[in-house]
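All remarks here apply to the structure that follows.
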Amino acid sequence: MPHRSIHWFRKGLRLHDNPALLAAMKDCEELHPIFILDPWFPRNMKVSVNRWRFLIEALKDLDENLKMINSRVIAENNGKPPLTYVRLQTVLASIGPPKRPCSAPTKENMKDCRTPWKGSYEEIYGIPTLEELGQDPTKLGPHLYPGGESEALRRLDLNMKRTAWVCNFKKPETEPNSLTPSTTVLSPYMKFGCLSTRTFYWRLAEIYHGKKHSSPPVSLHGQLLWREFFYTAGAGIPNFNKMEGNSVCVQVDWDENKDYLEAWREARTGYPFIDAIMTQLRTEGWIHHLARHAVACFLTRGDLWISWEEGQKVFEELLLDADWSLNAGNWQWLSASAFFHQFFRVYSPVAFGKKTDKNGDYIKKYLPILKKFPPEYIYEPWKSPRSVQERAGCIIGKDYPKPIVEHETVSKHNIQRMKAAYARRSGTSGEQAPKSPSNKKGVKRKAPSVADLFKKK
DNA sequence: AAAAGCGTTGAGACG
DNA sequence: GCGTCTCAACGCTTT
């Protein structure tokens, strides 16, 4: 049976002739090789610097050798995670497609296998209710995406039935503000592993077979590759969910602005498109990818100049599909901190939504207070004459906030601030993509490293 | 219109 | 003549 294992390296600091390590890897889907450097040791045992050097070298060598047999993508790219999608595709082309999924276990598989089950099982190990978890069920939003494998497979089937839609799928052409999702919303199921990536991949491959179909990066296959793209980045780049100590992340002098951050999080920026998206996020737990673009750009480089790490926290809390690497990676992308560098391309919180929803029906759905505004003012209600606001039963500044910033002004200013941040990056002599990723000094970590644990005390 | 950086490519230096 | 390295130019970037 597939399982996870921990291999505790104590004295056998080697890969060769290591039966315990081999046994740990057998049918193992997740291996955690560990060595315990007990801080007690240096405090209580006198060990010469020569011996320490020997141990450190042994651990480094072990670490390198373990990496060699792991992380195939990253290894294929000379030990560095691919920083562009094209590069990832090149690497994947040499690795080939993923393995076929294995079939689900049946009663037959369980024939000779017992599950010890006592009467008190439910009571002791049963799944807790929301109340028992300290959650308030009255705060629940609409139940649009029920959890679980059964729903995942049902949803997959439903989507895969539309073969023409699947073959023509181009992500940038789907709509961020349609009233029902314009994409599959399989991401929460992927995040929790209710749906296997390989199952999804091969279902698509079967549908594509012999037909004309879209390709990565915009196709559905392409979406799965984006996931791999950020997974390799998240696995291979230290401090990937932070700006500081993150080698691919542009160091930006973000503001701390509690009021702006709260306004953004609580859907009262005064920009209906932004606030509608943030409302959908809070109530339903899923928003379209391009809607994420719009609010992420607004929070960071576009308008509010607040660190992407703050946005990351809010998404982590509210998104059903929040996935560590994808969340960190996409926030860096949208804030032009990494992967994407054309910071002068700023989403307009007014114009962007209009492209696919002239009427503002999406805004009216999530911000019903604005529903009586005519289409020409729905994206910019503060521009409407008083009489229009009265007729709509919504006075701007009283019933719905005025814009907290003036987009035209702040976005221009922020582009200049981005430009300065990039100039500092290339200007400061040191940090220019070091040759080997291992030899970067001066990198500060926030999480305590092993070394930190040995410093002081 | 231009703003940036990644990765590739091709030319040239070097051994 | 050949392989390796360095450098600058260029094309591309999910909207």
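Order of the sequence lines fixes the chain letters, A, B, ..., with proteins taken first and strands second; residue numbering starts at 1 for each chain. Quick caveat, the model's predicted, so the values are computed rather than measured.
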SB check E266(A) R268(A) (cutoff 4.0 Å): yes

Separation of atom CZ in R425(A) from atom P in dC6(B), rounded to whole Å: 6 Å

Minimum-distance nucleotide to I415(A) side chain [options: dG5(B), dA3(B), dG7(B)]: dA3(B)

Those residues of residues 198-208 of chain A lying under 4.0 Å from DNA chain C by at least one heavy atom: none

Dot-bracket encoding per residue of DNA chain C, Watson-Crick/G-U cut-off under 3.5 Å, | denoting interstrand: .||||||||||||..

dT14(C) base stacked by W226(A) (centroids within less than 5.5 Å, tilt under 30°): yes

Closest nucleotide among dT8(B), dC6(B), dT14(C) to the K171(A) side chain: dT14(C)

D61(A) with R14(A): basic N within carboxylate O range, under 4.0 Å: no

Short N-O contact, E310(A) and K313(A), less than 4.0 angstrom: yes

Separation of atom CH2 in W333(A) from atom C1' in dG5(B), rounded to whole Å: 12 Å

Residues in salt bridge (charged side-chain N to carboxylate O under 4.0 Å, His left out) contact with E173(A), at least two apart in sequence or another chain: none

C1' atoms of dT13(C) and dA3(B), separation to the nearest Å: 15 Å

Between dG5(B) (P) and K419(A) (NZ): distance, integer Å: 11 Å

Short N-O contact, K354(A) and E380(A), less than 4.0 angstrom: yes

Electrostatic pair E309(A)-K242(A), nearest N-O below 4.0 angstrom: no

Value in whole Å for how far the C1' atom of dT15(C) lies from NE2 of H288(A): 11 Å

Check ion pair K364(A)-D357(A) (N to O, under 4.0 angstrom): no

From H413(A), H407(A), E406(A), residue fulfilling side-chain hydrogen bond (donor to acceptor under 3.5 Å, both in side chains) relative to T409(A): E406(A)

Sugar-phosphate, base or nothing in reach of K170(A), heavy atoms under 4.0 Å: nothing

K80(A) NZ - dT8(B) P separation (whole Å): 10 Å

cation_pi(R227(A), F230(A)) dist<6.0 Å, angle<=45: no

Between dT14(C) (P) and Y347(A) (OH): distance, integer Å: 11 Å

Spacing of Q89(A) atom CD relative to dT8(B) atom P, expressed in whole Å: 12 Å

Side chains of Y347(A) and H293(A), donor plus acceptor under 3.5 Å: yes

Minimum-distance nucleotide (side-chain atoms of L83(A) versus dT15(C), dG7(B), dG5(B)): dG7(B)

Sugar-phosphate only, base, or nothing, as touched by Q223(A) at under 4.0 Å among non-hydrogen atoms: base

Nearest listed nucleotide, side chain of R87(A), among dT8(B), dC6(B), dT14(C): dT8(B)

Rounded distance (Å) that lies between atom P of dT14(C) and atom CZ of R292(A): 18 Å

Touch class at under 4.0 angstrom, heavy-atom based, for H289(A) against every strand present: base

Partner set under salt bridge (charged side-chain N to carboxylate O under 4.0 Å, His left out) for R154(A), not counting sequence neighbours: E151(A)

Out of dA4(B), dT15(C), dT14(C), whichever nucleotide has its closest atom nearest the side chain of Y85(A): dT14(C)

Distance-only polar pair, side chains of Y85(A) and E228(A), donor-acceptor under 3.5 Å: no

Sequence neighbours excluded - salt bridge (Lys or Arg N to Asp or Glu O under 4.0 Å) pairs with any residue from residues 318-337 of chain A: R292(A)-D321(A)

Any residue of residues 336-345 of chain A with a heavy atom less than 4.0 Å from an atom of DNA chain B: H341(A), Q342(A), F343(A), F344(A)

